[in-house]
Structure formats: C-alpha cells, structure tokens
Amino acid sequence: MTGGTDVVIVGGGIIGLAAGYFLSKAGKRVVVIDKGGFADGASGACDDMILFQSKKPGINLELTFESLELYKRLIVDFDDSMQFKNLGGMVLIENEAELAIMEQFVREQRSYGLDVELIDQQDARKKQPFLSDHIIASTYSMMDSQIDPFHVMRAFEKQGSKLGMQIIRRNAVEAIDLLGSGNWKVSCADGSSWEAPTVVNAAGAWAPSIGAMVDLSVPIVPKRGQIVLSERIPPIGETNLWNAKYLVTKLHKDSATALSEEEKALGLSLAFTRSAGGTYLMGSTREYVGYDKSTTIAGIKGIINLTLGYLPRMSEVGIVRAMAGLRPETPDGKMILGEHADRPGFFTAAGHEGDGIALAPITGKLLSDLVCNNRIERRVDELSPNRFGGTAHE
Amino acid sequence: MNCRPIVLEAQHMSDESENRDMLICRCEEVTLGEILDAIDDGFVTVKDVKRATRAGMGLCQGRSCSRTIARIISQRTGRPLEEVLPKSYRYPVRPEKMAAALSKESEDESDR
C-alpha cells in the first residue's frame with residue numbers, strides 16, 4: 001500500500017506514538033512502523049517519571065514544564081487519567097560535601113521556577129520513615145510527577161487510530177529512498193513499502209541505523225538501564241526517591257563524593273519509584289554495552305545493594321522481575337528534534353535518554369508543528385539535528 | 001499445560017457478555033473482557049497484552065495466566081501459539097527476597 005500517506009514514522013515507542021497522535025490531530029495521514037511488539041523498546045522498560053529535580057536549568061527543564069501541562073490537557077481530552085500521580089520527589093543527601101553542592105543546585109532550580117526546597121533529617125524521616133540513619137538531609141519537590149508509560153502509549157495509539165493513524169508492528173524498516181517525485185519510499189522486511197513526503201526517525205537508540213539509510217549520521221549511543229521490580233507492597237513513604245551522590249558527580253567532576261567501584265562500573269544511581277501497579281521500580285544502571293538488552297546478575301545485585309543502602313528494611317521485600325532498556329543518549333544531553341539539512345522532509349525525533357516518558361507530549365507536539373510549518377512559540381534551534389556539524393554519515 | 005475450562009470455552013464465550021467479567025489474571029485482576037478488547041485493538045502477543053492490560057505483571061509474573069492468555073489470543077486471531085508466547089524468561093523467575101538475591105552467584109552467561 002503506498003498511496004495516501006503524509007507521514008511515515010519509524011519507531012512505535014512513546015515518542016513515535018506521541019508524534020503520530022499529534023500529526024493525526026493536525027490532519028496528517030500517518031503510518032507508524034515498528035520492528036517489534038508493543039512497548040518492546042526503552043518505553044516499556046523504564047520508570048514512569050515526569051522528573052524535574054534531576055535537571056539543570058535550561059531547555060530540558062523548560063520542556064518538562066511544558067510537557068507536564070500537555071499531559072494534564074491530554075488527561076482531560078482523552079478522559080483517561082493514564083495513572084497520572086503527583087507524589088513528589090526527594091533527592092537524598094549523605095554528607096556535607098553533597099549538601100553544599102545541592103544547596104547551590106536547588107537555588108538555581110528555584111530561580112528557574114521549580115518549586116523545590118531542602119529539608120533536614122527530621123523532616124526527611126517524617127516523609128520517609130524507613131530511611132537509613134546516615135541520610136543527613138534531602139531535597140523535596142512536590143512537582144515531580146509520574147504517568148504510566150503503557151497507559152500513555154495505548155492512549156496515544158487509541159486516540160491516533162480514531163483519527164486514522166495506522167500502526168504496523170513486527171515489521172522492520174530496511175531501506176529509505178528518495179524518489180524523483182520528492183517523496184520518500186520506506187521499504188519493510190515483509191516486502192511492503194510506503195511513500196510519503198515526510199519521514200520521522202523516532203527509533204530511539206536505533207535512530208542511527210535509520211539515519212544511515214539516508215546517509216545521515218545521528219549521534220545517539222545506547223545506554224543500558226537495568227531496573228528491578230519489587231512485589232506489590234503498601235506505600236513505604238510519601239514520595240519517590242533519588243540519591244544526590246550521582247547527580248553531584250555529574251555537576252562537579254572533582255566532587256568529594258566518592259562512588260564505590262561497583263557504582264562506577266555499573267553507572268549506578270538510585271531511582272526508587274512507586275509504579276501504577278503498586279510495586280516499586282528500583283534502578284538504575286547506566287552501561288555502555290552496545291545493543292545488549294540483557295539483565296545481568298551483577299546489575300541486579302548492584303541495584304539491590306544500592307537500594308538497601310538507603311532503605312535497609314527493603315531487604316524483607318521480594319523482587320519479582322528485572323528489565324533493561326536502551327536509553328538513547330546524545331553528546332550534549334538534549335534530544336534531537338527537527339528536519340535534517342539537505343534531506344527535505346526527513347526529520348528525527350529521538351535521543352531523549354531517560355526522559356522519553358516525561359518529554360513525549362511536548363516532543364510530539366513540537367514535531368507536528370515543525371512538519372506542518374506552524375509557528376512555534378519557543379526556540380528549538382538548540383535541538384536541531386544539524387547542530388552537530390557535518391551531515392554525511394561516516 | 002492444562003488450562004482447563006476457561007480455555008476450552010474461550011472460543012464460544014468470546015462474545016458472551018456475561019463472561020467478560022471473568023478474571024483471567026488473578027494477580028492483577030484483569031478480566032477476559034479487557035483482554036479481548038486489547039486483542040481487538042491489535043495487541044496480539046502475550047507480551048503485547050501484558051503491557052496493554054497488566055495481565056501477567058503481578059506477583060506470579062504470568063505463571064498462572066500466560067498460557068491461558070496465549071490460547072485466547074490464538075483462538076481470537078488464528079495466530080499459532082508459538083508466535084504468541086514469549087520466547088525467553090529472565091532471572092528472577094520467581095519472587096525472591098532482596099536480601100536473598102544478593103547471595104546469588106554471578107553467572108551472567110546463564111542469565112538469558
């Protein structure tokens with residue numbers, strides 16, 4: 001089938017489906033093609049955070065604010081809560097060195113409009129009675145929110161389908177060619193092909209291989225994140241939890257905070273979040289292992305050790321599952337969003353690293369505006385795929 | 001695995017509304033109706049249905065219901081069971097206390 005398609009989206013994760021929904025809403029005839037099943041990639045192996053506190057002031061923080069507002073509107077439009085929750089978050093501080101750096105970071109975030117504060121040990125324990133004694137302070141923000149990725153993806157799919165969006169699964173894109181007509185021809189493994197003036201590369205960690213089909217270099221690297229899931233237990237605290245240790249080492253390369261050998265090797269940092277199903281998601285690793293999506297015993301043990309360091313009583317809780325997703329990392333930590341120079345009609349929307357869930361709505365909306373040539377109220381130049389210089393694939 | 005009357009009846013109960021409330025995944029309390037709706041929306045493997053409905057995401061991780069769901073999908077869509085069932089299982093295959101998991105030996109080669 002070829003006729004009558006305006007946009008082919010390669011990749012049916014949360015970004016591809018969000019883009020498909022917003023483009024369909026804008027009147028475009030959209031086909032989404034994915035090599036795997038529903039939520040087979042990073043969008044199905046992640047936590048559910050719309051997280052503000054990890055972000056430095058800048059475009060990622062701004063986009064998270066905008067995305068949260070969009071989510072709130074979609075919840076009304078879809079008449080579906082998508083399990084949205086607003087539990088807030090705490091970043092746990094273990095020593096004076098971390099505290100000094102986090103004081104500065106919180107000041108910067110507050111100047112950017114983030115409602116975040118530092119609380120002392122006593123207040124931290126009021127919100128989290130099971131915290132280890134060695135936690136001396138914590139940040140606290142009520143803004144950190146969460147929404148269930150599976151619900152979001154199914155809702156985008158359902159609402160997009162009502163507008164005519166087609167979704168093809170278990171069919172890999174094998175070639176993309178520019179035709180004399182100016183249309184792109186997208187050819188799939190099963191022999192089918194689609195022609196459209198616009199193609200969107202929303203393939204996440206696999207975006208480089210899709211870019212390479214049109215001789216483009218897309219600088220995204222897969223970073224493996226393992227997550228361990230607990231059995232369903234009652235809430236053990238008010239908020240979700242992160243640790244300052246990893247954040248601090250990112251903010252200050254020479255910071256006094258020492259990561260253990262295990263933490264360094266696995267890129268471990270704490271993310272302890274309550275899922276829509278009442279289980280806890282415990283993460284995560286950050287590993288450069290190519291496209292290997294396996295979970296490992298070393299990774300699972302590392303995550304458990306890390307978690308028990310902050311919440312010793314969790315040792316009595318059962319784990320039921322582990323999963324791993326490939327976070328698509330860019331060189332500067334910002335997503336890639338826009339049309340490629342010299343490839344008219346070829347767009348990329350990928351590279352969200354750990355923020356795909358948080359940023360899916362705003363990405364889909366901005367992409368749709370870019371494709372439709374709508375006026376965009378914010379600057380998106382710094383997200384352009386052309387910011388990395390040469391476009392030729394090496 | 002013997003999946004008993006639920007499955008034997010699945011073919012002709014598919015459209016009978018009185019059976020739509022029957023629990024298929026007991027851990028997550030997912031009903032036959034929710035599973036049939038997901039299949040009709042294009043979610044046609046056990047993993048697809050799991051992610052779309054939470055069936056199989058609970059304490060037993062699908063050990064009770066995944067074959068039942070596979071048969072329901074297979075009967076509804078005509079797809080063979082081997083295309084519908086998950087192809088791999090990963091550690092932990094059954095719930096384990098966090099403290100106990102730490103004593104597990106690191107043998108990542110077997111962890112596929």
Side-chain angles (χ1 to χ4, degrees), chain A residues 12 36-40 43-45 83 148-151 153-155 157-158 161 166-170 226 228-233 275-280 282 292-308 311-324, chain B residues 25-30 34-35 37-64 66 73 77 79 83-112:
Chain A
F38 177 60
D40 258 0
S43 308
Q83 303 277 351
D148 182 51
F150 301 109
H151 274 83
M153 293 173 75
R154 197 171 173 196
E157 175 158 343
K158 185 174 160 196
S161 298
Q166 286 187 72
I167 295 144
I168 317 279
R169 291 213 166 86
R170 289 168 267 275
Q226 299 190 48
V228 178
L229 286 87
S230 81
E231 62 186 314
R232 178 179 293 157
I233 57 173
S275 80
T279 63
Y280 280 94
M282 296 169 279
D292 179 358
K293 284 205 297 184
S294 317
T295 52
T296 64
I297 301 299
I300 292 168
K301 286 166 80 169
I303 289 167
I304 292 173
N305 267 325
L306 181 75
T307 305
L308 297 183
L311 296 162
R313 287 283 298 279
M314 284 294 290
S315 64
E316 298 304 311
V317 173
I319 58 168
V320 298
R321 191 155 65 95
M323 58 187 180
Chain B
C25 168
R26 282 174 288 184
C27 300
E28 294 295 305
E29 300 186 351
V30 182
E34 290 170 275
I35 287 167
D37 289 348
I39 295 167
D40 294 345
D41 283 345
F43 302 103
V44 292
T45 66
V46 170
K47 276 191 176 179
D48 277 6
V49 167
K50 175 174 96 172
R51 291 166 180 153
T53 67
R54 293 197 63 82
M57 276 193 187
L59 188 65
C60 90
Q61 289 287 299
R63 275 182 299 281
S64 304
S66 67
I73 295 169
T77 65
R79 296 166 72 93
E83 272 182 28
V84 165
L85 279 164
K87 286 169 188 60
S88 61
Y89 295 91
R90 285 187 308 227
Y91 173 82
V93 293
R94 57 179 53 81
E96 187 162 71
K97 294 275 183 255
M98 301 232 319
L102 286 180
S103 62
K104 187 168 171 66
E105 286 178 35
S106 285
E107 287 177 29
D108 281 339
E109 285 67 31
S110 63
D111 174 39
R112 294 292 156 124

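This is a predicted model, so every value here is computed, not measured. All chains are named by letter (A, B, ...) in the order of the sequence lines, taking the proteins before the strands, and each is independently numbered beginning at 1.
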Return the option, out of A:E231, A:K158, A:H151, A:E157, with the maximum number of heavy-atom pairs under 4.5 Å with chain B.
A:E157
Of A:G37, A:G44, A:A322, the largest count of non-hydrogen pairs under 4.5 angstrom with chain B goes to A:A322
Tell me, for [X] versus chain A, whether the close heavy atoms (under 4.5 Å) come from the side chain, the backbone, both or neither.
X      : answer
B:V93  : neither
B:A100 : neither
B:R51  : both
B:C27  : backbone

Find out whether [X] and [Y] are in side-chain contact, i.e. whether some heavy atom of one side chain is under 4.5 Å from a heavy atom of the other.
X      : Y      : answer
A:F150 : B:M57  : yes
A:R154 : B:D41  : yes
A:L308 : B:M98  : yes
B:L59  : A:R232 : no
B:Y91  : A:I300 : yes
B:F43  : A:R169 : yes

Considering all heavy atoms of both residues, which atom of [X] and which atom of [Y] are nearest to each other, and what is their separation?
X      : Y      : answer
B:R90  : A:K293 : NH1-O, 4.4 Å
B:D48  : A:R170 : OD2-NH2, 2.6 Å
B:L102 : A:K301 : O-CE, 3.1 Å

Interface check, chain A: of B:E28, B:K50, B:K47, most non-hydrogen pairs under 4.5 Å belong to B:E28
Which one wins on heavy-atom pair count under 4.5 Å against chain A: B:G42, B:P95, B:A52?
B:A52
At a 4.5 Å cut-off on heavy atoms, which part of A:M153 comes close to chain B: side chain, backbone, both, or neither?
neither
Proximity breakdown for A:S230 and chain B, heavy-atom pairs closer than 4.5 Å
neither
Between the side chain of B:K97 and the main-chain N/O of A:E316, is any donor-acceptor distance below 3.5 Å?
yes
To the nearest 0.5 angstrom, please state how far the CD atom of B:Q61 sits from the CZ atom of A:R321.
5.0 Å
